[in-house]
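Here is the structure we will look at.
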Amino acid sequence: MRYSTEHKELTRKKILDAAATRFRAEGYDGLGIDALAKAAGVTNGAFYGHFASKADAYREIVVRGLADLRAGIAAHQAEHGADWVRAFARFYFGQAKRDYVENLCALPAFGGEAARAPAPTRAAFEQELRGVQAALAAGLAGADADIRAWRMLGIMVGGITLARAVPDAALAEQLAETYEAALVAAAGPSV
């Protein structure tokens with residue numbers, strides 16, 4: 001039986017959506033094809049109809065996640081003007097992003113594992129990371145905007161990782177507030 005192009009696209013999207021959540025929750029090594037297919041509600045054959053391997057699906061999730069981050073930065077810049085960094089920092093370190101694994105930013109979720117991934121995944125991660133950094137820098141004024149954007153990325157990854165890692169809700173909130181302020185300070189003047 002032949003499936004329509006629309007059905008194939010919907011199936012691929014289901015697989016990617018399920019894989020994004022499961023990879024964020026369990027990591028690359030914690031998940032096999034059986035679990036990915038089951039989470040998406042498809043067969044292993046359907047999975048392999050869209051991806052040659054788990055590594056291929058992971059690479060696409062990494063690219064998609066970082067593209068989503070870049071789009072979120074651009075949306076904050078467009079919606080909040082000169083105050084975009086403050087609004088973005090509040091969003092990024094907010095409870096919804098911090099406490100729910102399916103909402104976790106792709107940078108802390110996939111960065112550590114991307115470092116151990118095959119070369120094509122590492123290259124894709126680097127390319128998308130450069131795009132995220134450029135999006136941040138585009139919203140900053142000054143000759144050192146590129147450097148400040150890299151600094152902001154470090155605060156984002158480190159801050160959200162620490163805030164998520166502690167079980168004490170009050171400490172997690174304190175850390176989130178601290179790094180939210182640090183992100184705004186690192187940004188310096190906006191465009």
Side-chain angles (χ1 to χ4, degrees), residues 8-9 11-31 33 36 40 47-80 84-85 87-89 91-93 97-98 101-161 164 179 182-183 186-188 190-191:
K8 289 177 186 176
E9 288 173 9
T11 300
R12 184 179 182 82
K13 183 181 180 326
K14 272 178 38 175
I15 293 168
L16 287 171
D17 289 346
T21 299
R22 296 296 300 270
F23 280 135
R24 278 177 169 87
E26 299 171 48
Y28 182 81
D29 289 335
L31 218 47
I33 299 298
L36 283 172
F47 178 89
Y48 283 113
H50 293 277
F51 302 99
S53 67
K54 180 175 83 166
D56 287 346
Y58 182 74
R59 182 172 48 257
E60 194 158 330
I61 292 301
V62 167
V63 167
R64 184 173 131 179
L66 292 175
D68 288 347
L69 174 58
R70 191 174 62 248
I73 291 165
H76 275 83
Q77 290 169 343
E79 292 172 27
H80 300 282
W84 77 269
V85 174
F88 178 74
F91 167 77
Y92 191 87
F93 289 106
K97 296 294 274 180
R98 187 178 71 236
V101 70
E102 64 272 12
N103 297 333
L104 181 60
C105 174
L107 282 173
F110 304 136
E113 294 197 59
R116 297 184 296 272
T121 301
R122 292 182 73 205
F125 183 89
E126 180 180 327
Q127 180 178 344
E128 293 300 319
L129 178 65
R130 288 176 183 272
V132 171
Q133 184 271 347
L136 287 169
L140 305 176
D144 65 342
D146 282 339
I147 292 167
R148 286 183 285 126
W150 285 120
R151 192 175 300 139
M152 289 170 70
L153 284 169
I155 291 167
M156 289 163 58
V157 174
I160 200 71
T161 299
R164 285 183 46 76
Y179 288 111
L183 187 62
S190 296
V191 169

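Because the structure is predicted, anything quoted here is derived from the model rather than measured. Hydrogens, waters and symmetry mates play no part in the numbers below; they use all other heavy atoms, side chains included.
Residue Cys105 holds its SG atom at 9.5 Å from CG of Asp68, rounded to the nearest 0.5 Å. Between atom NZ of residue Lys13 and atom CG of residue Leu16 there is a gap of 8.5 Å, rounded to the nearest 0.5 Å. Leu153 CG to Leu183 CG: the interatomic distance, rounded to the nearest 0.5 Å, is 9.0 Å. Here Arg151 contributes atom CZ and Gln133 contributes atom CD; the two are 12.0 Å apart, rounded to the nearest 0.5 Å. Note that the CD1 atom of Ile15 and the CG atom of Leu36 stand 9.0 Å from one another [nearest 0.5 Å]. In this structure, CD on Glu60 lies 10.5 Å from NE2 on His50, to the nearest 0.5 angstrom.
Ring centroids of Tyr58 and Phe23 are separated by less than 6.0 Å, placing the two rings close together. Tyr179 and Tyr92 have their aromatic ring centers separated by at least 6.0 angstrom.
The backbone N or O of Tyr28 lies less than 3.5 Å from a partner atom in the side chain of Glu113, making a donor-acceptor pair. The backbone N or O of Leu104 lies less than 3.5 Å from a partner atom in the side chain of Arg24, making a donor-acceptor pair. Looking only at distances, a side-chain donor or acceptor of Arg164 sits under 3.5 Å from a matching main-chain atom of Arg98.
When all heavy atoms of Ala135 and Gln77 are compared, the pair lying nearest together is O-NE2, 2.8 Å. In terms of heavy-atom proximity, Val157 sits nearest to Leu107 at CG2-CB, 3.6 Å. Here the shortest heavy-atom pairing between Leu136 and Met156 reads CD1-SD, 4.3 Å. In this structure, Lys54 and Asp29 approach most closely via the heavy-atom pair NZ-CA, 4.3 Å. Residues Arg22 and Leu31 approach most closely at CB-CD2, 3.3 Å, considering heavy atoms. When all heavy atoms are compared, the tightest approach of Asp56 to Phe51 is C-CD2, 4.2 Å.
No side-chain heavy atom of Phe110 sits under 4.5 Å from any side-chain heavy atom of Leu66.
Ring planes of Phe88 and Phe91: tilted class, angle from 30 to 60°.
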For Phe47 and Thr11, run side chain to side chain contact (heavy atoms under 4.5 Å, CB included): C-alpha distance rounded to whole Å, both residues' side-chain angles, the deciding distance at 0.1 Å, then the answer. CA-CA 9 Å; Phe47 178 89; Thr11 300; over 6 Å; no
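A salt bridge is defined here as a Lys NZ or Arg NE, NH1 or NH2 lying under 4.0 Å from an Asp or Glu carboxylate O, and Glu126 with Arg130 meets this definition.
With sequence neighbours excluded, the residues that form a salt bridge (charged side-chain N to carboxylate O under 4.0 Å, His left out) with Arg64 are Asp17.
Shown here is Ile147, whose CD1 atom has no more than 12 heavy atoms of other residues, nucleotides or ligands within 6.0 Å.
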